[in-house]
Amino acid sequence: MATSHKAPDCIIEVSWEVCNKVGGIYTVLSSRAKTLCGEYGDKIVFIGPDIWQEKACEYFTEDATLLPEWKSAAEQAGHRIRIGRWNVPGEPLAILVDFSRFFTLRDGIYGQAWELFGVDSLHAYGDYDEASMFSYAAGKLAQTLIEQKLIKGSVIYQAHEWMTGLGMLFLKKACPQVHTIFTTHATSIGRSICGNDKQLYAYFKGYNGDQMARELNMEAKHSIEKQSAHQADCFTTVSTFTARECQQLLDKTPDVVLPNGFEKDFVPKGARFNAVRANARRRILDIVEALCGERLNDDTLIVSTSGRNDFRCKGFDVYIEAMAQLNARLKDNGKAGTQVVSLIEVPCWLLGPREDLRLRLEQVSEFGDSALPNPQLTHYLYNTDEDRILQMIRSLGLGNGKDDAVKVVLVPCYLEGRDGIFNLPYYELLSANDLAVYPSYYEPWGYTPLESTAFRVPTVTTDLSGFGQWVDSELGHAGTLEDGVSVIHRDDSNYYEVAARIAADIEHMLRLPKTRRDAIRRKAAAIAAKAEWKNFIAYYKQAYAVAMQK
């Protein structure tokens with residue numbers, strides 16, 4: 001891997017998730033900011049959407065003393081921007097761009113995109129317009145700063161996902177000296193194939209991206225993604241798994257693979273970690289006790305899964321099936337009482353915290369042995385009777401009754417420390433786990449399993465995730481629970497076998513003494529240490545070198 005190159009004078013990274021906590025790309029960018037800033041300082045600038053307008057953004061601190069000449073030049077050119085710092089380790093420079101004024105120019109911009117780059121926006125719908133106008137605004141801002149010679153020398157412009165490709169293409173046309181990188185974290189067509197319950201892997205070599213875009217009404221997103229991949233100076237993705245997908249569906253092999261790392265500063269150390277874990281465990285058990293009207297032992301095994309609400313791709317279906325199989329097996333073994341608490345932490349159509357549950361949690365005295373209605377749910381939903389996760393939990397008989405060894409609970413909110421029930425952030429709740437399970441069907445990388453191992457939580461994932469494939473390559477064999485990460489083989493036809501393997505791993509963990517569990521926890525942390533950004537940042541340097549050679 002070539003890493004020796006002249007360092008760029010400025011690196012501009014553009015993403016819809018800069019200072020905007022939406023999904024995994026936020027974690028990618030924010031967790032490596034400290035490492036990048038350690039290498040490049042304020043030569044790296046992140047650009048994100050100003051969706052808050054005049055309101056404060058909790059992820060961003062505006063600073064009028066930063067780059068005043070940039071602010072002045074941008075305003076003279078008609079841009080409305082805020083300059084400050086991203087509130088993450090490393091505190092990188094960040095610019096929030098107001099893109100609202102470009103909506104009146106939308107049709108003309110799309111017409112130019114077709115004429116200049118062959119980008120077909122004719123069938124655009126949903127979030128395409130909003131993302132594209134932000135992308136265009138970000139590219140025009142960079143163009144202004146470069147043409148005004150406020151940014152000099154070698155400039156890297158890295159655009160993340162189809163949502164930022166349009167601005168990259170217009171910038172490349174206006175300022176051909178800029179070195180462009182386009183990064184896809186998952187192809188729009190690959191995700192859509194899976195989301196529409198089609199078999200991605202059994203027929204993989206037969207899929208044509210353009211044809212599937214027409215069939216799935218994805219022409220606009222696929223078009224900008226494909227043209228960005230082909231026209232960027234350096235095309236990258238996040239795993240060898242997704243690189244093959246790009247080759248098949250975008251007709252373009254990535255120049256560099258940029259695996260996603262993690263920053264250990266996010267993980268508490270020593271006694272602080274133990275205190276956080278103990279507090280989070282107690283809170284989880286208190287909540288499940290209040291829901292189910294049953295006292296739980298302190299050593300109850302806590303298991304969880306989490307992620308974006310993508311029922312099939314994230315494997316929530318097979319996870320629930322595994323819990324049903326495990327519950328039946330444990331009940332057949334004749335052990336009375338709850339042995340496993342299983343959380344499904346997935347944002348749903350949230351109405352708010354349950355008042356009956358909140359009241360019980362405030363009454364620390366005995367609350368009897370009666371369960372609350374819907375004891376599988378911590379918050380009110382707008383669509384309680386239609387939610388797909390709840391429907392499957394109920395259909396498989398996971399009622400959280402006194403005779404159920406496995407209590408399954410849906411946590412349908414973003415865990416940011418103020419949800420009204422847990423009132424703890426996600427990472428603190430993650431530290432409480434004895435095991436985490438992410439049985440993804442479609443997962444270009446897989447941040448959730450990497451995060452869990454970083455927090456010393458043994459983890460189950462599949463070999464359909466980039467992270468799972470990376471673990472297997474590091475170990476030299478298919479990962480097992482004793483390695484710290486169990487990597488289960490998954491394909492289009494072994495759904496029930498995967499569920500059985502998950503149930504078996506959980507049952508295995510139940511039988512282990514504390515000393516063995518602790519040893520497995522240390523192995524999980526050791527795997528995570530290999531994926532720290534200090535080890536993976538070399539791939540970014542390689543991408544910069546490829547782009548600068550063009």
Side-chain angles (χ1 to χ4, degrees), residues 22-24 191 194-197 284 287-288 290-292 302-328 338 340-354 356-357 371-401 404-416 419-422 426 429-430 433 435-443 446-449 452 459-462 464-465 490 495-496 498-500 502-503 506:
V22 177
R191 189 184 299 281
C194 298
N196 282 277
D197 292 335
I284 290 170
I287 289 168
V288 178
L291 280 169
C292 300
I302 297 178
V303 181
S304 80
T305 191
S306 61
R308 182 183 62 255
N309 196 339
D310 198 336
F311 188 70
R312 184 184 183 221
C313 291
K314 292 295 184 182
F316 299 137
D317 50 355
V318 77
Y319 178 88
I320 298 168
E321 171 64 34
M323 295 307 120
Q325 291 188 20
L326 177 66
N327 190 45
T338 300
V340 177
V341 164
S342 172
L343 303 180
I344 304 174
E345 298 162 354
V346 181
C348 301
W349 194 8
L350 183 70
L351 178 58
R354 289 183 59 164
D356 55 351
L357 176 55
L372 292 176
N374 296 319
Q376 309 97 332
L377 188 62
T378 60
H379 293 67
Y380 296 124
L381 298 179
Y382 283 102
N383 61 335
T384 302
D385 293 329
E386 291 81 33
D387 182 83
R388 197 171 179 184
I389 294 174
L390 269 182
Q391 281 185 327
M392 185 169 181
I393 290 172
R394 291 165 175 166
S395 69
L396 292 181
L398 292 165
N400 289 357
D404 285 313
V406 180
K407 299 294 193 289
V408 179
V409 176
L410 172 60
V411 183
C413 58
Y414 284 103
L415 293 166
E416 297 180 318
D419 60 272
I421 299 295
F422 291 91
Y426 173 74
L429 290 170
L430 177 62
N433 284 342
L435 189 68
V437 180
Y438 308 100
S440 299
Y441 176 80
Y442 180 79
E443 191 70 81
Y447 243 115
T448 45
S452 65
T459 300
V460 180
T461 188
T462 73
L464 293 184
S465 74
R490 188 169 183 193
Y495 174 94
Y496 291 102
V498 172
I502 294 169
I506 298 173

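As the structure is a computational prediction, the values presented were derived from the model and not from experiment.
Taking every heavy atom of both residues into account, Val411 and Thr378 meet most closely at CA-OG1, 3.6 Å. Heavy-atom minimum distance, Ala499 versus Ala322: O-CB, 3.4 Å. Contact record, Gly315 with Arg490: CA-NH1, 4.0 Å, taken as the closest heavy-atom pair. Minimum heavy-atom separation, Leu381 to Thr384: O-OG1, 3.4 Å. Minimum heavy-atom separation, Ser440 to Thr462: O-OG1, 2.8 Å. In terms of heavy-atom proximity, Tyr426 sits nearest to Ser306 at OH-OG, 2.7 Å.
Applying the side chain to side chain donor-acceptor pair (under 3.5 Å) rule to Ser452 yields the partners Thr459; only residues at least two apart in sequence or on another chain are considered. With sequence neighbours excluded, the residues forming a side-chain contact (heavy atoms from CB on, under 4.5 Å) with Asn433 are Ile302, Ser304, Leu430, Ala436, Val457, listed by chain and number. Here Tyr447 pairs with Ser31 under the side chain to side chain donor-acceptor pair (under 3.5 Å) rule; sequence neighbours left out. With sequence neighbours excluded, no residue forms a side chain to side chain donor-acceptor pair (under 3.5 Å) with Gln376. Partners of Ser465 according to the side-chain contact (heavy atoms from CB on, under 4.5 Å) rule, which considers only residues two or more places apart in sequence or in another chain, are Glu443, Thr461, Phe467. In this view, Cys313 and Cys194, Asp310, Tyr442 satisfy the side-chain contact (heavy atoms from CB on, under 4.5 Å) rule, not counting sequence neighbours. By the ring pair (Phe, Tyr, Trp, His ring centres under 6.0 Å) test, Tyr319 is found to be paired with no residue, residues two or more places apart in sequence or in another chain being considered. For Arg354, the salt bridge (charged side-chain N to carboxylate O under 4.0 Å, His left out) partners at least two apart in sequence or on another chain are Asp356. In this view, Arg388 and Asp197, Phe311 satisfy the side-chain contact (heavy atoms from CB on, under 4.5 Å) rule, not counting sequence neighbours. Among residues two or more places apart in sequence or in another chain, the side chain to side chain donor-acceptor pair (under 3.5 Å) test is passed with Asp419 by His379. For Tyr382, the ring pair (Phe, Tyr, Trp, His ring centres under 6.0 Å) partners are Trp349, not counting sequence neighbours.
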- Message: Could you walk me through whether Tyr441 and Lys314 satisfy the side chain to side chain contact (heavy atoms under 4.5 Å, CB included) test, starting with their C-alpha distance in whole Å, then the side-chain angles of each, then the deciding distance to 0.1 Å, before giving a yes or no?
- Response: CA-CA 6 Å; Tyr441 176 80; Lys314 292 295 184 182; over 6 Å; no

- Show your reasoning for whether side chain to side chain contact (heavy atoms under 4.5 Å, CB included) applies to Asp317 and Tyr495. CA-CA 9 Å; Asp317 50 355; Tyr495 174 94; 3.7 Å; yes

- Determine, stepwise, if the pair Phe422 / Ile284 fulfils side chain to side chain contact (heavy atoms under 4.5 Å, CB included). CA-CA 7 Å; Phe422 291 91; Ile284 290 170; 4.1 Å; yes

- Task: Begin from the C-alpha positions of Phe316 and Leu410 and carry the test side chain to side chain contact (heavy atoms under 4.5 Å, CB included) through to its verdict.
- Result: CA-CA 11 Å; Phe316 299 137; Leu410 172 60; over 6 Å; no

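When side chains are defined from C-beta on, Val409 does not count as touching Val341, because their heavy atoms never get closer than 4.5 Å.
Distance CG/Leu351 to SG/Cys413: 12.5 Å, rounded to 0.5 Å. In this structure, CD1 on Ile506 lies 11.0 Å from CG on Asn327, to the nearest 0.5 angstrom.
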Could you tabulate the donor-acceptor pairs under 3.5 Å formed by side-chain atoms of residues 390-401, not counting sequence neighbours?
unit_1: Gln391; atom_1: NE2; unit_2: Asp385; atom_2: O; d: 3.3
unit_1: Arg394; atom_1: NH2; unit_2: Asn374; atom_2: OD1; d: 2.7
unit_1: Ser395; atom_1: OG; unit_2: Gln391; atom_2: O; d: 3.3
unit_1: Ser395; atom_1: OG; unit_2: Met392; atom_2: O; d: 3.0
unit_1: Asn400; atom_1: OD1; unit_2: Val408; atom_2: N; d: 2.9
unit_1: Asn400; atom_1: ND2; unit_2: Pro375; atom_2: O; d: 3.1
unit_1: Asn400; atom_1: ND2; unit_2: Val408; atom_2: O; d: 3.0

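Of the candidates Val460, Val340, Ile502, Val303 forms a side chain to side chain contact (heavy atoms under 4.5 Å, CB included) with just one, namely Val340.
Looking at Asn309, its side chain never comes within 3.5 Å of a backbone N or O of Val346 through a donor-acceptor pair.
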